[in-house]
Amino acid sequence: MDYRIMKEDSLAKKLAILSDAAKYDVACTSSGVDRNNEGTGMGNTVSRGICHSFSADGRCISLLKILFTNECIFDCKYCLNKKSNDVVRTSFSPDEVVTLTMEFYRRNYIEGLFLSSGVLRSPDYTMELLYATLYKLRKEQNFQGYIHVKAIPGASAEWIEKLGFLADRMSINLELPTASGLKELAPHKSRKSILTPMRQVQQGMEKNKYELQVYKKTPLFVPAGQSTQMIIGATRETDYELLQVTEGLYRKFNLRRVFFSAFVNVNQDKNLPIKEGEGPPLLREHRLYQADWLLRYYQFEAHEILSKDNPNFNLHFDPKCNWALKHLENFPVEVNRADYHTLLRVPGIGYTSATRIIKARRLGDLNFENLKKMGVVLKRALYFITCNGKMMYQTKVEEDYIARNLLAVKEKLPREVLNMNYRQLSLFDTNTAYSLLK
């Protein structure tokens, strides 16, 4: 294959190529860590507010999100930048990434950097370049804003450790949920090369927490935690299998987030299941995020949401609502008596409104009007709760009856899911990107 490699491109052209090449990586988030400006540098990170602007499909839009290079020695069948694809290739230098980050930050377009990369020459060589970039930002430019960096599978422990002391968050993409799927579509990668650095980051964070208790000035190691990403729909796992893998990652590696990316068919390969024109499984991705929320905030376990006998999500109802319909023996719930865990399982009651209910009922019994003011979605919750022993309306606690009424209300889905029209959000307007570099 005769690659078109752009060695002497302008920075603007590289930005256009490498920001677009990063669009399929959704595992970026910037909340969850404080990094205070000591008065000697530029920028700061605040866990409660640095970045709360997200697109409808969950992608963070306030970071400079780029690949260091789209050149790659791997030939993953699902990847646009795979070795055998005839695409325009280019790379930044560490100084160029530093320039872009500082200039965009000065203009208040971004609040941090999300830096990923293809694999140039070798994992260790690529990690050395990423380290050089972060070192220049932190030590030479005194940049104290948020940085999320992707570690390269197969890189040595030395580079993982060095990078961890410069980044706020680090992630190693799991890519595909199972070892068999990885072997089929990404034969150059292995489960071991992905999970080994993931374990190293976890152990490094635990060690760092202990050292901080003893030595207050210990450098921070990946203070915002680590995350990962799985591609959904490229292989044939059931939703139950995906959810089990997700739960296992949270428990075994103490991940901060697991991101899901609906498979986009950018290559024509016989091993890829989705044919041209079918589009990415956005509703499935949406259901996985809803189920992930139940695992992290609503005290659910994977086996409660799905099972071997019922391995895939209901297309008509969100996972929590679907669980409630299948477990009507637990309802209706008396909101003036139920504990927090029980309230969390009621459709229409979120963890914030459940907390408000627990606090407010200390002052007296609650009615449906009180619940509405607390943020409870009564059009969903009314079938599953009572106030002082009475339901809001005369209803039947029967699955078919409740299901028909809930379908009439209709679930509010993200616009992209409703239209089933995939459009990757672009951080950069072309004219803006060029003007910033003039």
Side-chain angles (χ1 to χ4, degrees), residues 15 18-19 22 25-38 40-54 59-69 91-118 126-152 155 159-173 197-198 200-201 204-205 208 218-229 255-257 259 427-428:
L15 176 61
L18 294 173
S19 61
D25 201 330
V26 299
C28 63
T29 181
S30 61
S31 58
V33 64
D34 289 316
R35 180 187 291 274
N36 294 325
N37 192 320
E38 301 171 351
T40 59
M42 174 180 288
N44 60 72
T45 299
V46 182
S47 61
R48 60 185 178 274
I50 183 173
C51 177
H52 289 284
S53 180
F54 292 87
R59 291 168 172 80
C60 180
I61 61 173
S62 67
L63 303 177
L64 173 57
K65 183 180 176 183
I66 53 176
L67 293 184
F68 187 88
T69 179
S91 302
F92 286 123
S93 68
D95 287 331
E96 287 173 332
V97 176
V98 170
T99 298
L100 284 171
T101 304
M102 300 304 290
E103 292 305 311
F104 271 77
Y105 190 89
R106 286 190 179 101
R107 290 162 173 79
N108 203 31
Y109 280 99
I110 62 168
E111 297 177 88
L113 171 66
F114 176 84
L115 185 60
S116 186
S117 183
T126 307
M127 287 287 280
E128 185 177 359
L129 291 171
L130 296 179
Y131 173 77
T133 303
L134 268 60
Y135 184 88
K136 287 175 178 289
L137 275 169
R138 293 293 195 209
K139 305 301 182 181
E140 296 180 10
Q141 297 295 325
N142 287 325
F143 181 73
Q144 295 171 21
Y146 178 86
I147 297 179
H148 179 166
V149 66
K150 281 296 181 73
I152 306 299
W159 288 116
I160 297 291
E161 182 177 12
K162 284 186 175 182
L163 215 57
F165 281 111
L166 296 176
D168 293 292
R169 175 165 291 187
M170 186 180 290
S171 54
I172 301 98
N173 280 358
M198 196 179 286
Q200 181 187 347
V201 173
M205 289 189 297
N208 189 239
T218 298
L220 297 176
F221 183 84
V222 195
Q226 64 173 326
S227 58
T228 193
Q229 173 184 337
L255 295 189
R256 187 63 63 89
R257 282 295 304 273
F259 290 86
L427 180 61
F428 306 105

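Keep in mind that what you see is a predicted model, and the values were worked out from it rather than measured. For the single chain, residues carry numbers from 1 onward in sequence order. Any value given below was found using the heavy atoms of this structure, including those in side chains, with hydrogens, waters and symmetry copies removed.
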**Study point:** side chain to side chain contact (heavy atoms under 4.5 Å, CB included) between Leu15 and Phe104, intermediate numbers included
**Key:** CA-CA 12 Å; Leu15 176 61; Phe104 271 77; 4.1 Å; yes
Separation of [Y] [atom2] from [X] [atom1] (nearest 0.5 Å):
{"X": "Lys65", "Y": "Phe114", "atom1": "NZ", "atom2": "CZ", "value": "6.0 Å"}
{"X": "Lys162", "Y": "Leu130", "atom1": "NZ", "atom2": "CG", "value": "13.5 Å"}
{"X": "Glu140", "Y": "Asp95", "atom1": "CD", "atom2": "CG", "value": "7.5 Å"}
{"X": "Met170", "Y": "Ile147", "atom1": "CE", "atom2": "CD1", "value": "11.0 Å"}
{"X": "Thr101", "Y": "Arg106", "atom1": "OG1", "atom2": "CZ", "value": "10.5 Å"}
{"X": "Leu163", "Y": "Phe221", "atom1": "CG", "atom2": "CZ", "value": "9.0 Å"}

Backbone N/O of [Y] and side chain of [X]: donor-acceptor pair under 3.5 Å:
{"X": "Arg257", "Y": "Ser227", "result": "no"}
{"X": "Gln226", "Y": "Met198", "result": "yes"}
{"X": "Arg138", "Y": "Phe143", "result": "yes"}
{"X": "Ser171", "Y": "Lys150", "result": "no"}

Restricting to non-hydrogen atoms, name the atom on [X] and the atom on [Y] that form the minimum distance, rounded to 0.1 Å.
{"X": "Met127", "Y": "Ile160", "value": "CE-CD1, 3.7 Å"}
{"X": "Asp168", "Y": "Tyr146", "value": "OD2-CA, 3.2 Å"}
{"X": "Ser117", "Y": "Thr69", "value": "OG-CG2, 3.3 Å"}
{"X": "Glu96", "Y": "Ser91", "value": "OE1-O, 4.0 Å"}
{"X": "Thr133", "Y": "Leu115", "value": "CG2-CD2, 4.1 Å"}
{"X": "Phe165", "Y": "Pro219", "value": "CE2-O, 3.7 Å"}

Review point. What's the verdict on side chain to side chain contact (heavy atoms under 4.5 Å, CB included) for Val97 and Leu113, showing C-alpha distance, side-chain angles and the deciding distance?
Key: CA-CA 9 Å; Val97 176; Leu113 171 66; 4.2 Å; yes
**Study point:** CA sep, side-chain torsions, deciding dist, call: Trp159, Ile152, side chain to side chain contact (heavy atoms under 4.5 Å, CB included)
**Key:** CA-CA 10 Å; Trp159 288 116; Ile152 306 299; over 6 Å; no
Review point. Is there side-chain contact between Leu166 and Tyr131, with heavy atoms separated by less than 4.5 Å?
Key: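 Yes, at least one pair of side-chain atoms sits under 4.5 Å.
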Practice item. Kindly determine whether Leu137 and Val98 satisfy side chain to side chain contact (heavy atoms under 4.5 Å, CB included), including the steps that lead there. Key: CA-CA 6 Å; Leu137 275 169; Val98 170; 3.9 Å; yes
